[in-house]
Number of protein chains: 2
Amino acid sequence: MHAYVHIVDDDASFRTALERRLKLAGYRVVTYASARELLDQMPDDEEAGCIVLDVRIPGMSGPELQSRLNELESTLPIVFLTGHADTATTVQAIKAGAEDFLTKPIASDQLIEAIDRAVARHQLARGQRTRLDSLRALLARLTPRERQVFDLIVCGRINKQIAHELGTTERTIKAHRHQVMEKMQVQSLAELVSIAERLGTRQSGAELKA
Amino acid sequence: MHAYVHIVDDDASFRTALERRLKLAGYRVVTYASARELLDQMPDDEEAGCIVLDVRIPGMSGPELQSRLNELESTLPIVFLTGHADTATTVQAIKAGAEDFLTKPIASDQLIEAIDRAVARHQLARGQRTRLDSLRALLARLTPRERQVFDLIVCGRINKQIAHELGTTERTIKAHRHQVMEKMQVQSLAELVSIAERLGTRQSGAELKA
DNA sequence: GGCTCTCCTGTCCCATGGTACAATATGAAA
DNA sequence: TTTCATATTGTACCATGGGACAGGAGAGCC
């Protein structure tokens with residue numbers, strides 16, 4: 001609860017009306033008159049919420065703002081609102097990950113449903129991203145050498161091979177390997193490989209010889 | 001090349017015109033007058049291709065056919081065509097995985113582009129599915145006991161623990177483990193875990209004790 | 001110059017994984 | 001009944017992983 005809805009629309013009276021309606025539904029609301037305004041304040045991605053975005057707004061258009069937000073890796077789902085939708089714009093927006101695309105005038109119940117869905121999706125995405133981020137943070141703490149060893153371990157190389165490929169001794173690899181398991185907070189090789197797979201850092205094998 | 005385009009439209013003259021145009025573009029074409037017709041013949045998912053689907057057709061509608069195909073786990077991408085698109089239908093179709101949603105009359109170049117994209121996507125999806133299917137086939141060849149051992153191995157259990165959990169001896173587990181590595185055609189634990197991760201069979205650990 | 005961090009190296013010892021060589025028991029299928 | 005797949009167990013032996021204990025070399029910072 002207390003999720004944020006960010007409304008971007010150049011029609012002040014519409015913003016106000018929608019704001020009132022959403023606050024009654026239990027949402028916290030922030031309004032913006034333009035894409036620029038939203039980008040300047042850049043809503044916090046960590047707070048549950050979503051964006052309600054008019055397609056035609058002065059300056060940067062709705063879809064332009066969407067692609068900009070995608071570049072910035074925002075995961076806030078977008079619910080588009082528009083007076084007259086053309087099909088190409090609709091298709092493009094949904095393909096780019098918009099949660100919904102609605103036409104004005106819109107029944108407020110229907111809009112709220114879309115917003116609820118968007119917020120729920122954001123919760124999920126946020127949870128996943130948080131889990132991945134913490135894994136990435138662990139990985140980032142490895143020294144360059146440890147990272148090399150990590151890559152070779154999760155490809156199934158044994159210590160002897162790793163030592164040979166890195167031009168050092170088996171004993172040294174054991175030391176690095178120990179550090180890797182320690183820093184990645186895992187007790188088994190299986191967990192380590194699982195992490196590598198989820199982070200997409202695992203190469204299929206031969207690529208690493210280059 | 002020689003990809004199949006499956007056209008579903010109740011307008012015979014439209015079908016014929018489009019068929020001619022697509023054959024010139026190098027496609028193989030199969031036409032259907034209704035959703036039923038396509039379902040009866042059920043296009044082969046293994047052949048590269050896509051479906052061009054009119055939204056409003058007698059009997060089962062385009063979107064209904066789409067959801068039916070999804071249930072049947074078809075991976076053939078769908079390009080929708082329609083006279084007058086309403087936004088809700090468009091959004092729903094794209095969310096359900098349609099490659100595109102175009103309005104008639106449509107420039108044939110534009111349609112061909114959409115079909116090219118759809119076919120390309122199908123190639124990718126097919127490749128991925130084929131790879132996963134062959135892994136699943138390997139997994140299916142494990143005996144029930146071997147499968148239990150597999151699950152525990154990829155969760156990071158050591159032989160001793162597995163033996164205890166399955167109420168047998170370490171030596172027995174070694175035998176099963178050998179069979180598992182053999183049947184799954186892997187040389188290292190890392191590869192085995194990677195497969196489990198990609199097939200989504202890997203539990204996070206504690207769940208398996210139940 | 002000290003201090004810290006990274007990277008590197010060594011020996012001893014034990015736990016674990018893997019293999020070769022064998023063998024038994026059970027149930028289903030031919 | 002014979003045959004086969006499955007599941008089971010055993011004894012060795014060796015390779016690999018990993019911990020305990022100990023130390024050195026080079027780079028960057030205060």
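Excluded from the calculations below are hydrogen atoms, water molecules and symmetry mates; all remaining heavy atoms, backbone and side chain alike, are included. Proteins come first, then strands; the chains are lettered A, B, ... in the order of their sequence lines, and each starts at number 1.
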**Complete:** B:R157 atom CZ is separated from C:dT16 atom P, nearest whole Å, by 15 Å
**Message:** Restricting to non-hydrogen atoms, name the atom on B:E146 and the atom on B:V180 that form the minimum distance, rounded to 0.1 Å.
**Reply:** O-CG2, 3.5 Å
**Request:** Let me know the distance between CZ of B:F150 and P of D:dA7, rounded to the nearest Å.
**Result:** 16 Å
**A:N159 side-chain N/O to D:dG17 phosphate OP1/OP2 under 4.0 Å** = yes
**Message:** On DNA chain D, does the nearest nucleotide to A:L189 precede the nearest nucleotide to B:G167 from the 5' side, or the other way round? Give the residue.
**Reply:** B:G167
**Prompt:** Closer to the 5' end of DNA chain C via nearest nucleotide, is it A:K183 or A:K174?
**Reply:** A:K183
**Request:** In whole angstrom, give the distance that lies between atom NE2 of B:H176 and atom C1' of C:dG17.
**Result:** 16 Å
**Request:** Kindly point out which of D:dG19, D:dG10, D:dG18 is positioned nearest to the side chain of B:T169?
**Result:** D:dG10
**Message:** Does A:R145 reach a base, just sugar-phosphate, or nothing at all? Heavy atoms under 4.0 Å.
**Reply:** sugar-phosphate
**Request:** May I have the distance from B:L142 (atom CG) to D:dA5 (atom C1'), rounded to whole angstrom?
**Result:** 14 Å
**Message:** Take a 6.0 Å sphere around CZ of A:R198 and say whether it holds more than 12 heavy atoms from other residues, nucleotides or ligands.
**Reply:** yes
**Prompt:** Roughly how many Å is it from CD in A:E170 to P in C:dT11, rounded to a whole number?
**Reply:** 12 Å
**Asked** Touch check for B:T172, heavy atoms < 4.0 angstrom, all strands: base, sugar-phosphate only, or nothing?
**Response** base
**Request:** Can you tell me the distance, in whole Å, between the NE2 atom of A:H178 and the P atom of C:dC8?
**Result:** 17 Å
**Request:** Go through the N and O atoms of the side chain of B:R171 and the base of D:dT8, and report whether any donor-acceptor pair is under 3.5 Å.
**Result:** no
**Shortest non-hydrogen contact between B:D151 and B:V154, atoms and distance** = O-CG2, 3.3 Å
**Prompt:** Any side-chain N or O of B:T143 under 4.0 Å from OP1/OP2 of D:dA7?
**Reply:** yes
**Request:** For salt bridge (Lys or Arg N to Asp or Glu O under 4.0 Å), just list the numbers for B:E46 and B:R129, CA-CA rounded to whole Å, side-chain angles, deciding distance to a tenth of an Å, and then say yes or no.
**Result:** CA-CA 10 Å; B:E46 294 311 308; B:R129 213 195 36 180; 2.3 Å; yes
Identify all side-chain donor-acceptor contacts of residues 50-64 of chain A below 3.5 Å with residues at least two apart in sequence or on another chain.
from, atom 1, to, atom 2, distance (Å)
A:D54, OD1, A:K104, NZ, 2.8
A:D54, OD2, A:R56, N, 3.0
A:S61, OG, A:E64, N, 3.2
A:E64, OE1, A:S61, N, 3.0

**Request:** Compare the minimum distances between each of D:dA7, C:dC7, C:dG17 and the side chain of B:P144, then state the nucleotide with the smallest one.
**Result:** D:dA7
**Item:** Atom pair distance, as rounded to whole Å: CD in A:Q161 and P in D:dA15
**Value:** 15 Å
**Asked** Can you check the A:Q179 CD to D:dG19 C1' distance for me, whole Å?
**Response** 13 Å
**Request:** Verify the contact: side-chain N or O of A:K160 to OP1 or OP2 of D:dT16, cut-off strictly under 4.0 Å; return yes or no.
**Result:** yes
